[in-house]
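Heads up: the structure comes next, in structure tokens.
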Amino acid sequence: MWYFILKQDDLKPEPYRALQQKAVQTEVEPFNEPFDNLCLFTVADYAAFVDALDLEGLRYDVQSQRPSRDQLLEQLRAA
């Protein structure tokens, strides 16, 4: 499985629904200000999902293991 991480504010409703259909699971990790909420898509078909993201021009991070909430927060702090 692959785990794609996107900022929730970067997703409009239509692309979000299309990505949900391609994902095995979708989760939202809510964070307080000043950090953005993150969407975590669990994906089996890496290439098809990357193609969908690239067509929409969306920025993302990808990991081969599911990141913990603390790891996600650490990434936000480092950015």
Exercise. Using a 4.5 Å cut-off on heavy atoms from C-beta on, say whether the side chain of Q63 contacts that of Q75.
Key: yes
Practice problem: Assess whether atom CD of E74 is packed by more than 12 heavy atoms of other residues, nucleotides or ligands within 6.0 Å. | Solution: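 Check fails, neighbour count at 12 or below.
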Quiz item: For the hydrophobic clusters of this structure (ILVMFWY residues joined by side-chain heavy atoms under 4.5 Å, transitively), does one cluster hold both V24 and Y3?
Solution: yes
Quiz item: What about W2 and I5, same hydrophobic cluster or not, with Ile/Leu/Val/Met/Phe/Trp/Tyr joined at side-chain heavy-atom distances under 4.5 Å?
Solution: no
Tell me which donor-acceptor pairs under 3.5 Å the side chains of residues 49-61 have, and how far apart each pair is, sequence neighbours excluded?
none

Practice problem: Check side-chain contact (heavy atoms from CB on, under 4.5 Å) between S68 and all other residues, then give those that pass, not counting sequence neighbours. | Solution: D70, Q71
Which pairs would a plain distance check flag for residues 26-46, meaning a side-chain donor or acceptor within less than 3.5 Å of a matching protein atom at least two apart in sequence or in another chain?
residue : atom : partner : partner atom : Å
E27     : OE1  : R66     : NH2          : 2.9
E29     : OE1  : R69     : NH1          : 2.9
E29     : OE2  : R66     : NH2          : 3.4
N37     : OD1  : F31     : N            : 2.8
N37     : ND2  : Q8      : OE1          : 3.2
D45     : OD1  : A48     : N            : 3.4

Can you give the donor-acceptor pairs under 3.5 Å from side chains of residues 11-19 to other protein atoms, not counting sequence neighbours?
residue : atom : partner : partner atom : Å
E14     : OE2  : R17     : NH2          : 2.6

